Amino acid sequence: MRTTWGSATDRGRVRPLNEDSLLAYPPVFMVADGMGGHSAGDVASRLAVEEFAQLAGRSTVTPDDVHDCIQRVAVRLRDAVDGGTAGTTVAGAAVVAHEGASYWLVFNIGDSRVYRWTGGELEQISVDHSVVQELVDSGEIHPDQAREHPERHVITRAVGTGSEPDPDYWLIPAAPADRLLICSDGLTSELDDPTIARLLAAEPDPQGAAQLLVTSAVEAGGRDNVSAVVVDVATVRDAVDTDSTVPPTAVHPSVWDDDVDGTTQPRPTRPAHPEVAP
Ligand code: MN
């Protein structure tokens, strides 16, 4: 599979440091949004990128590679920061192969996001681990209220916060002309989905699109660090005859062999929060 990509990040207008980090190098594309006092967040997000960078340059990775990466980030964070006050979100997509076909393994822990933009439609693949998402899910607030909610920055899962990291995974067939956006919450708290879709449509070059999105979020307020990775699928060798409207399938590496049958028929959706295998 051949991809083209671009990335941009900005400290924004308010925060003294940029504690976001990102990686854009096939087959792995990800952002990490670090948190913790005294630049601990900076350390945490960089450490996540360092681990994922070990997968860079391969043609594909396995779901277990990604899962192991996240576990290693947690272990290293525990060792690096005594007291466990540093944490990071991790969200991204990696190219995985199954029976000769290319898929995206989308992964998320925290409130950074992965979107797929295809045929002019923007679809959020990942689901935030946040207080606000829980309020939306329970019907207490409307999704439109989420972006201005006072607790919008409170996340319910992260890497490096003491407990075992508990990421979610989705599997989507890679299709030519698909564009993925991976971004930190500094982007989505400034720009709503229709604006993001309009900006992705306005700029065909992925580097230009990433820069345009970040610049627009900073101009819209820049209240947080802002990061974006944009990945375009140029060609897919041995592409399955795929329909991009196939809904993302939530998977877990431990059920990989049972779960993927090499077809692109819609598969039963796994629980959004699968158990992590011991
Ligand atoms: Mn942030």
Side-chain angles (χ1 to χ4, degrees), residues 7-24 29-52 70 73-74 77 81 84-93 106-115 124-136 143 145-161 165-168 180-193 195-196 199 210-230:
S7 64
T9 185
D10 195 287
R11 184 168 57 88
R13 291 180 160 171
V14 176
R15 301 288 174 93
L17 291 172
N18 189 349
E19 298 190 316
D20 287 358
S21 297
L22 58 83
L23 175 68
F29 303 90
M30 52 89 74
V31 302
D33 179 346
M35 64 208 86
H38 305 290
S39 85
D42 181 41
V43 171
S45 68
R46 281 185 202 209
L47 212 142
V49 165
E50 265 179 45
E51 284 298 327
F52 276 90
I70 293 171
V73 174
L77 267 175
V81 186
T85 53
T88 186
T89 74
V90 170
V106 172
F107 48 93
N108 179 56
I109 179 162
D111 66 349
S112 297
R113 289 183 182 172
V114 180
Y115 288 88
Q124 185 180 332
I125 305 286
S126 61
V127 177
D128 295 350
H129 301 133
S130 66
V131 166
V132 162
Q133 180 67 44
E134 289 179 357
L135 293 173
V136 169
Q145 298 171 273
R147 286 178 48 253
E148 296 301 331
H149 194 278
E151 287 192 87
R152 66 184 176 278
H153 294 303
V154 183
I155 62 174
T156 52
R157 294 193 220 172
V159 183
T161 46
D166 185 15
D168 291 335
L180 297 185
L181 166 65
I182 303 152
C183 58
S184 61
D185 69 322
L187 187 96
T188 50
S189 58
E190 300 294 355
L191 308 177
D192 61 14
D193 285 4
T195 303
I196 291 171
L199 295 172
Q211 192 61 60
L212 178 63
L213 285 161
V214 168
T215 303
S216 300
V218 173
E219 284 172 357
R223 290 168 291 176
D224 191 4
N225 308 144
V226 187
S227 300
V229 175
V230 174

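Computed from a predicted structure; not experimentally measured. Start at 1 and go down the list; that is how both ligands and their atoms are numbered.
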Q: Determine, step by step, whether Asp224 and Arg15 satisfy the salt bridge (Lys or Arg N to Asp or Glu O under 4.0 Å) criterion, reporting the C-alpha distance in whole Å, the side-chain angles of both residues, the deciding distance to 0.1 Å, and the verdict.
A: CA-CA 6 Å; Asp224 191 4; Arg15 301 288 174 93; 3.1 Å; yes

Q: Could you grab the distance from atom OG of Ser126 to atom CD of Gln133, nearest 0.5 Å is fine?
A: 9.0 Å

Q: May I ask you to check whether Asp192 and Thr195 show a side-chain donor-acceptor distance below 3.5 Å?
A: yes

Q.
Using 0.5 Å steps for rounding, measure from the NE2 atom of His129 to the OG atom of Ser112.
A. 11.5 Å

Q. In terms of side-chain heavy atoms, does Asp20 have a donor or acceptor partner in Ser227 at a distance below 3.5 Å?
A. yes

Q) Under 2.8 Å from the Mn ion (ligand 1), how many protein N/O/S atoms can be counted? A) 3

Show me the donor-acceptor pairs, under 3.5 Å and distance only, between side chains in residues 215-222 and residues at least two apart or in other chains.
residue: Thr215; atom: OG1; partner: Gln211; partner atom: O; Å: 2.8
residue: Thr215; atom: OG1; partner: Gln211; partner atom: NE2; Å: 3.4
residue: Ser216; atom: OG; partner: Leu212; partner atom: O; Å: 2.7

